[in-house]
Amino acid sequence: MFWNQATETIDRGSLGALQLKRLQETVARVAGAVPFYRQAFTERGLTPAHIKSLSDARHLPFTTSADLRATYPTGLLAVPIDETLRLHTSSGTTGKPKALFFSARDVANAAELCARCFVMTGMTKKDIFQNMMTYGLFTGALVTHYGAEKLGCLVIPAGPGNSEKQLLLMQDFRSTTIHITPSYALYFATFLEKKGVDPRRDLAIRRAFVGAEPYTEETRCKIEQALGVRVFNSYGLSEMNGPGVAFECEHQHGMHLWEDNYLMEIVNPKTGEPLPDGQTGELVLTTLYREAMPLLRYRTRDITSIIAEPCACGRTHRRIDRITGRADDMLIVRGVNIYPQQIERVLMSLPAVGRNYQILLDGLDDMTVNVELAEAGFDGHVEHLTKLQADITDRLRAEILTKPKVHLVPPGTLPVSEGKAQRVIDRRSL
Amino acid sequence: MHPVKLIAVFAENQLGQMARITKKLADIHANIRWVTIVTSETLGVIKFLVDKPDLAYESLHAKGYTVSYIEILAIAVEDKPGGLNAVAECLARNNINVENASGFVSDNQAVLLIEVANAAAARATLANQSLRLLSEEEIFNL
Amino acid sequence: MNRHPISAPDFMQQAALRDTQLSRLRQMVGRAYDNVTLFRQRMDARSLKPADIRSLADVRKLPFTVKADLRDTYPFGLFASPMKDIVRLHASSGTTGKPIVVAYTKDDIRVWTETMMRSFAACGLHEGDIIQNAYGYGLFTGGLGAHYGAESLGATVIPISGGNTERQLMVMKDFGVTAICCTPSYFLHLIDQSQQMGIDMKKLPLRAGIFGAEPWTEGMRERIEAESSLKAYDIYGLSEIIGPGVGIECEHQCGLHIFEDYFLVEIIDPQTLEPVPDGQEGELVLTTLSKHAMPMIRYRTRDITALYPEPCHCGRTIRRIRRIGRRSDDMFIIRGVNVFPSQIEAALLRVEGTLPHYVIVLTREQDLDQVEVQVEVTPDFFSDEVRVLEELQKKLVHSIESITGIRVAVRLVAPKTIQRSEGKAKRLLDKRKM
């Protein structure tokens, strides 16, 4: 099932031509309308005419998170603010947030891309969509809301939290598809268990779009088993419209990224040098069809690789692999580079491990991993717990090359969040 | 004979845990015959022998505690010098490896509680031996 | 003020307005009769058929609908459209544990969006405006209702939703916001906090405030307008009818124009249930004229008001009602959220450890509503350790939030502390001064 078959299965040659045409239009427009880019071009002796092929994109300047903050609030607008229809912001953990403007066409287009994504997973207008993401300035909820609405579904704008109410809505209105963060999905699964609700028997949910934070294949399996749903990985970022940038199709092996809307590159996260096809590195995206606020070569800080082989679904837009981590999430502990994802992968692959974990960094360079035991993982014997603890320690050491302290704790002990989970607490004295 | 069950609670090694758990047991009027706490760094497991094990399990579970049953064997020991030795030699002869053991005396009856790898098999093995295994009822009537 | 094209229906000729109302009423009653068991049963009990509605006055023959009907027919007893035609659900608080769910077809969303657009237009807003929507987004109708209306106007919409005062003020200042939608008490709170952030509310380009979801006085309006640069407009609505957008003040700020082409207005005596003469105070009763998914026939809002029969100077033919001051039931409003004491009671009863003696104390600090629920604890619990009491307190806070949607403070008190009464216990102590 396709939302827009012609575009989604367009041949690579035509796709490339379309990309180039849109890239040239975008570059010409920002060179004229956005002082930030105009200046960056001048500094490089670059003009729009230099962009004659897609590979010329590498001559364009990067745009970083810092640039968005520095040009806040309206420094990257390519249209008068009067012509914008929407403002979203992404959280500013330090200093100013990033302002993301949308024109009417941008809003409609973002919904269009979401509709493509949803149909790709088998969703139809008969589905009942319970949107459990936070509505508001973050793009996560509103953009998918519009997408599901475009598809013609019944949309329940539930927002996150209040699990009792979520359950009530699912039971009474037979929601079939949910949009949720991985951490809340696991929390909700435990909540259902405590209530004696069997999702397969008592609920109609069959499909979950899980995103807003990276998570491992192991966590996907855990969520699928616990909620009785098919989990489709969803990739997006506010700077690129929000959700709908890339999504898994029914084959669930990598996420199709809409290349008619985004030009993608993989670069070395440290040097910014483009990497050869197939290599893992930082995803860089250029918007090809954005009106209000086009962005050139945006450094996403997400680590992935491009899957070049054609997908059995027939879509010609290439896939990116599951995000292995964020370049910014990388921790350096005792001189070793570690991604929290690596730890998650080890933990979530063990059935005796439960649904929540936390990484504590303290003192000079001490790492402690607190991990919850699975509900069914306790047989009464403390020796088995100690053994499991030691096993986890050994596996982690093999993966991250340094030995952390591991503390097994009873299920339900670690703090939970409704939104993005805070997995790492770094209290080291720098 | 019905197996004797201990209730084991996985608790964080925190001040007051034992107090909270024993309060729950007191609320359901459970009589505790025996208790032990096993700790290992930050892990703690509290094991009880109570007269209402199923009720205790349900009550603690409902309160959010992580609980499990442990099947044990309760062996009657002669309350005189050499009594325990006799039991120990019998177990060794029958290749029964003891993982944990604890003993107590009540009136004139000494009892040895043992955790083994396979309680059912051990019970079967000892059925024909000179050892006497106690039932839950007997333990609570001591 | 220049008239926005979308406002044309507000100025419809009286005769055309009445014709529109009657034709829509007849169609709606037909739909409701055919598809909603409760309406059909009630009409049959009166030997009433849709064809018997031949004039607007005939609406008085129809049965009333009350909030309890929504509760009793939960979840879809009042739906007049099949599920396949329903595109949206919203929920608001019921009087006990279950929420009230309202449904919309695509056309219902279109009508709702239109009434919101007309509301914004009445306040002088247009596509060049930058509108900060601080009403809560999600199941509550306020956020998405205002959002769709503002967006259809072509304005730049900032879907900021509620809370985070610092961010609200920062966004207001940084993006040259020209209009804000929020509860009036929250706006006063923003004014209070603005000084700390070095923002002079009088110097901002704010032109209009669309304030609703709670009653507010002329005194509050004066304060808001004196301490900021905007003109403060009252907006009225309720989820059972559509959400916000049932009525709006115009530039003359004297009464709420009800969108009569979509909502039929009656004022009744709450005791006798008879209509009162125009101009006299009574309970507002509304009938939805074009809703498909969940039509409402003579819904008793419990809001006390009066109809202003005289035409408004703005020229609108859609009539005004007096601003809502009080209600005829015990519902109270906290930061724009409707709460019934019975919900709090249901929430308390769900958690063991408390006795059925409680009191809800409402105060307003720095223009923000505060709620404290004082509840007696069983003797057992009360003699227990602090930790156990804290855990109980957390459970109660969570239970109340899960039913009402608001986070309150809970104070556990010793048994026999709360005053007993002979008759109906006084559960609510509203110390807020408006």
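Residue numbering restarts at 1 for every chain, and letters A, B, ... go by the order of the sequence lines.
Chain A forms more heavy-atom pairs under 4.5 Å with one residue of C:Arg167, C:His147, C:Met83 than with any other, namely C:His147. Here C:Pro159 is the residue among C:Pro159, C:Gly136, C:Ser161 with the most heavy-atom pairs under 4.5 Å with chain A. When each of A:Val107, A:Asp82, A:Val155 is scored by its heavy-atom pairs under 4.5 Å with chain C, the top score falls to A:Val155.
Here the side chains of C:Thr156 and A:Leu85 are not in contact, with every heavy-atom distance at 4.5 Å or above. Residues A:Leu169 and C:Leu139 have side chains in contact (heavy-atom distance under 4.5 Å, counting atoms from C-beta outward). Side chains of A:Leu154 and C:Lys84 form no contact here, defined as non-hydrogen atoms less than 4.5 Å apart. The side-chain heavy atoms of A:Glu164 and C:Glu401, taken from C-beta on, include no pair separated by under 4.5 Å. The shortest distance between side-chain heavy atoms of C:Tyr137 and A:Leu142 falls below 4.5 Å.
Only the side chain of A:Phe101 comes within contact range of chain C, with heavy atoms under 4.5 Å apart. Heavy atoms of C:Tyr148 lying under 4.5 Å from chain A belong exclusively to its side chain. Looking at C:Leu144, only its side chain comes within 4.5 Å of chain A, counting heavy atoms on both sides. For C:Phe76, the part sitting under 4.5 Å from any heavy atom of chain A is the side chain, from C-beta outward, and nothing else. In this structure, chain A has a heavy atom under 4.5 Å from the backbone of C:Glu127, while its side chain stays farther away. With a 4.5 angstrom heavy-atom cutoff, C:Ile130 touches chain A only via side-chain atoms. There is no contact between C:His398 and chain A, counting heavy-atom distances below 4.5 Å. Interface remark: A:Lys126 contributes no atoms to any contact with chain C (heavy atom separation under 4.5 Å). Heavy atoms closer than 4.5 Å to chain A are found nowhere in C:Phe140, neither backbone nor side chain.
More than 12 heavy atoms of other residues, nucleotides or ligands lie within 6.0 Å of NZ in C:Lys67, so this atom counts as buried by the packing criterion. No more than 12 heavy-atom neighbours from other residues, nucleotides or ligands sit within 6.0 angstrom of NZ on A:Lys125.
C:Phe175 and A:Tyr72 have their aromatic ring centers within a separation under 6.0 angstrom.
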Query raised in the report: Between C:Val157 and A:Leu87, is a side-chain contact (heavy atoms from CB on, under 4.5 Å) present by the stated rule, with each step listed?
Result: CA-CA 6 Å; C:Val157 184; A:Leu87 172 72; over 6 Å; no

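For A:Asn162 (side chain) and C:Ser402 (main-chain N/O), a donor-acceptor pair under 3.5 Å exists by modelled atom type.
Using a cutoff of 4.0 Å between basic side-chain nitrogens and carboxylate oxygens, C:Arg88 and A:Glu149 are scored as salt-bridged.
Note that CD1 of C:Ile158 and OG1 of A:Thr89 are 9.0 Å apart. Values are rounded to the nearest 0.5 Å. From C:Leu89, atom CG reaches atom OG of A:Ser175 across 8.0 Å, with rounding to the nearest 0.5 Å.
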